[in-house]
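So the structure is just underneath, and the comments pick up after that.
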Amino acid sequence: MKFADVILPLALPKNYTYAVPDHMLDTLKVGSRVAVPLGRQKKYAGVVKAIHELAPPDYKTKPLLDLLDKDPVVYPTQLSFWEWLASYYMCSEGEVLNAALPAHLKLSSETVLLFNDAYGDDFTDLSDDEYMIAEALHIRKELRIEEVQLILDKSEVYSVIKKLIEKQVLLVYEELKEVYKEKKENYVQLHARYEAEEELANLFNTLGKAPKQMELLLAYLHLVKTQGSVLQSELLKKSGASAAQLKGLVDKEIVWIEKRVVDRVPGGGKVDVQIDFTLSPAQDKALREIRTGFEQKPVTLLHGVTSSGKTQLYIKLIEEYIASGKQVLYLLPEIALTAQIVRRLQKHFGNKIGIYHSRFNNNERVEIWHKVKSGELRILLGARSSLLLPFLELGLIILDEEHDPSYKQQDPAPRYHARDAAIYYAGLFKAKVLLGSATPSLESYFNASQGKYGLVELSERFGGLEMPEIEIVDVKKAQAEKQMQENFSPQLIQAIHSTIAQGKQVILFQNRRGYAPFMMCTTCGWIPTCKNCDVSLTYHRYQDQLTCHYCGTRYPYVHTCAACGSQSLVTKSFGTEKIETDLQELFPKARIARMDMDAVRNKDSHNKMIQLLENQEIDILVGTQMVVKGLDFENVSLVGILSADNLLGFPDFRVNERAFQLMEQVSGRAGRKHGKGKVLIQAYRTQHPILHYVTIHDYKAMYAAEIAERQNFGYPPFFRLLKLTLKHKDQKVVEQAALVLANWLRPHIGPHLVGPAAPLVGRVRNYYLQEMMIKLPRDTKVIAQTKHLLKETFIKLLAEKQFRSVFIVPDVDYV
DNA sequence: AGCACGCCGACT
DNA sequence: GTCGGCGTGCTC
């Protein structure tokens, strides 16, 4: 008797064991999807994690229902990776599976209602609702729950269905649905017998009486000659004929239609467009250092200043690894995955490279999945989630912009850090990892300086380009002298003027979207807040409404103070929309665009805006974080940071590191080619040390100062951080739960526990929050013990009935 | 995550 | 009296 442990796509604490039916004994493989029953009637598709002969002692197993794959969807390597992710990041393997498998590989059961023919057609003793469903079923024979909801125009339909089952009008069964569909296209083919010249000539004669069909045939012959194959849709468009007329040709057996399975994700360009380039001596040296680094250590950090030509190094390395028969994964933060970088790589690697990011639809994801698994795709360029693809023979992972916080998944579980997970995943393949950044995370630079990672420095900009000149502008002073025009200092205005006059472009950075981060009543100080969250509402002038940036609720503009009734509400502070509006007044002739989450909400607008900037159809670009990443424009010579204080002001031990990274990265956008660029940073606190480090582009000085602080206060990289968030609709309950949890934990990990306390925003989407932080020493054993302790304590807490509905969210290596 | 079971308020 | 609301607990 054999048993299979199955990972189900649910947040179950453990995997379930099913009996392997005899007919599957030979065909069932680890990594395959299987259909399993769960509960009374549900079916799920899970993935087989292990096959063994250990009968579970305390329950009776149910049998697997179906084997869904001829070939497993993942290799054992991925199963090991999932297990590690689940245990390290404190979630279930089901949650990992959920994140890894494209939606279309995760079938779930659908309830299908069937008409019971034995019932006959006498519906007299049915209620109105029952009658409507019975009638519909009588005609259609089969209905889904969704359709029942539509017919009855309400969502709660179970009671009606239950009644109908009792009255034996209908039968229910569960159907597992495969959602992925191959894409097929219709190709038109000429019958073989007309290949011969004289047959074709005869055909022309006989078709004389059917001019439309003749036209079709001529268009077909033209397309065959020019393109080789003829798509039905294209033929119809070109000939202007109708589908019926084409059918005429099919009926006469002159042509036939072939349904071909086609790829949704085209391989991009041809392979032979490789453009050769030569590395600078500095790049060449760095490349050699990376290679020798990899001989001794699996991970190397490439610290290369902005514009030092890291991408070219990557391309050379990728070439080497694919030449040796390995696959390469190139990771970038989502918003850095622009058409610009994609084009650049496709130029070199043609259809050997695949792309994977969140804007792909589910069918496209399934195709990439299979191509990565089969090894057909040798290179994959993707965002965080592409780390979860089933690579066959991974040789190298490049993780560019390694300092980027978006590599850490926030919600939902698994809350993994792509950098750390990449290092583990690579280890399973004995593959190498190259981390790249102009401003490495303190963690990585620490690991490199400790000798844990190789370290390669590339401190020279490509082509002898100089680092931009940075000037700090004292806003307080300008304000005192009444020199500020809205949020622009005279220096910034002057710089923008002269930059535009020279036909160059400007990027302005402001880390807040919307028009004003909050509004306030000048009479009594009242501030409009969200009804679901404890935050002030941001005014969006473009839509003329107030928006909550935490839950997305929108409110109409407020004219009257809700507290004192006065009309004296004003907008406070400023976001990208206000900058854009004010700019347009200050520079009426300039072409201004705004790039933030609101402006690039729809699918392609981000790329379009980049295109405009590239074609120099925009003079000034205003944006949030978004302008920092993956933009590479030769003609931008001025960068302005509107308010450095915004970056330095919030209470987080990483502020300084983040602020430095952000400012240094934004600065890197300036003067990427002709001549030296200029960066203007407006600030109140002009003496802040971070501003000084940015001015002299001194990463190492920033690192030295910060690392000392981290050691003093016991923060990463000296300790690992585990954040616990408790959520509940009732503030009292969540506060108590947090206290109880902390009290239970304190005897074990007392000195390492900070909190509990409500976070800065204490309520989001009507859930009250409590947080606590656990500082874990860098000792694998202690970390594992603590996680075990936490899990046990969570179970204990949730066993208390008053805390049963408290959500506990552990976030390991909280960023 | 579903989904059934079970215990309290507003209707026939 | 019942319908139906959602809180709670189980699924191999």
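A, B, ... follow the sequence lines: proteins, then strands. Residue 1 opens every chain. Every value quoted in this text rests on a predicted model; they were computed, and no experiment measured them. Atoms considered below: every heavy atom in the structure, side chains included; atoms not considered: hydrogens, waters and symmetry mates.
Here the shortest heavy-atom pairing between Cys533(A) and Tyr550(A) reads SG-CB, 4.0 Å.
Applying the 4.0 Å criterion to OP1 and OP2 of dC12(C), one finds that Tyr59(A) has every side-chain N and O outside that range. Of the side-chain N and O atoms in Tyr16(A), none sit less than 4.0 angstrom from OP1 or OP2 of dC10(C). The phosphate of dG7(C) has neither OP1 nor OP2 within less than 4.0 Å of any side-chain N or O from Arg804(A).
Cation-pi geometry between Lys787(A) and Tyr88(A) is satisfied (NZ or CZ under 6.0 Å from the ring centre, within 45° of the ring normal).
The distance between atom CZ of Phe807(A) and atom C1' of dG7(C), rounded to the nearest whole Å, is 12 Å. Rounding to whole angstrom units, CG of residue Asn15(A) and P of dT11(C) are separated by 16 Å. Tyr44(A) places its OH atom 11 Å from the P atom of dC12(C), with the value rounded to the nearest Å. Atom CG in Leu38(A) sits about 9 Å away from atom P in dT11(C), given to the nearest Å. Remark: C1' of dC10(C) and NZ of Lys62(A) are 11 Å apart, rounded to the nearest angstrom. For the pair Leu97(A) CG and dA1(B) P, the computed distance is 14 Å after rounding to whole Å. In this structure, the NZ atom of Lys60(A) is 14 Å from the C1' atom of dT11(C), given to the nearest Å. Residue Lys43(A) contributes atom NZ, which lies 18 Å from atom C1' of dA1(B) at whole-angstrom precision.
For residues 804-813 of chain A, the pairs satisfying salt bridge (charged side-chain N to carboxylate O under 4.0 Å, His left out) are Lys408(A)-Asp811(A), Arg720(A)-Asp813(A), with sequence neighbours left out.
Within the 4.0 angstrom heavy-atom criterion, base atoms lie near Leu12(A).
Of the possible polar contacts, none joining the Lys729(A) side chain to the Ser805(A) backbone as a donor-acceptor pair under 3.5 Å is found.
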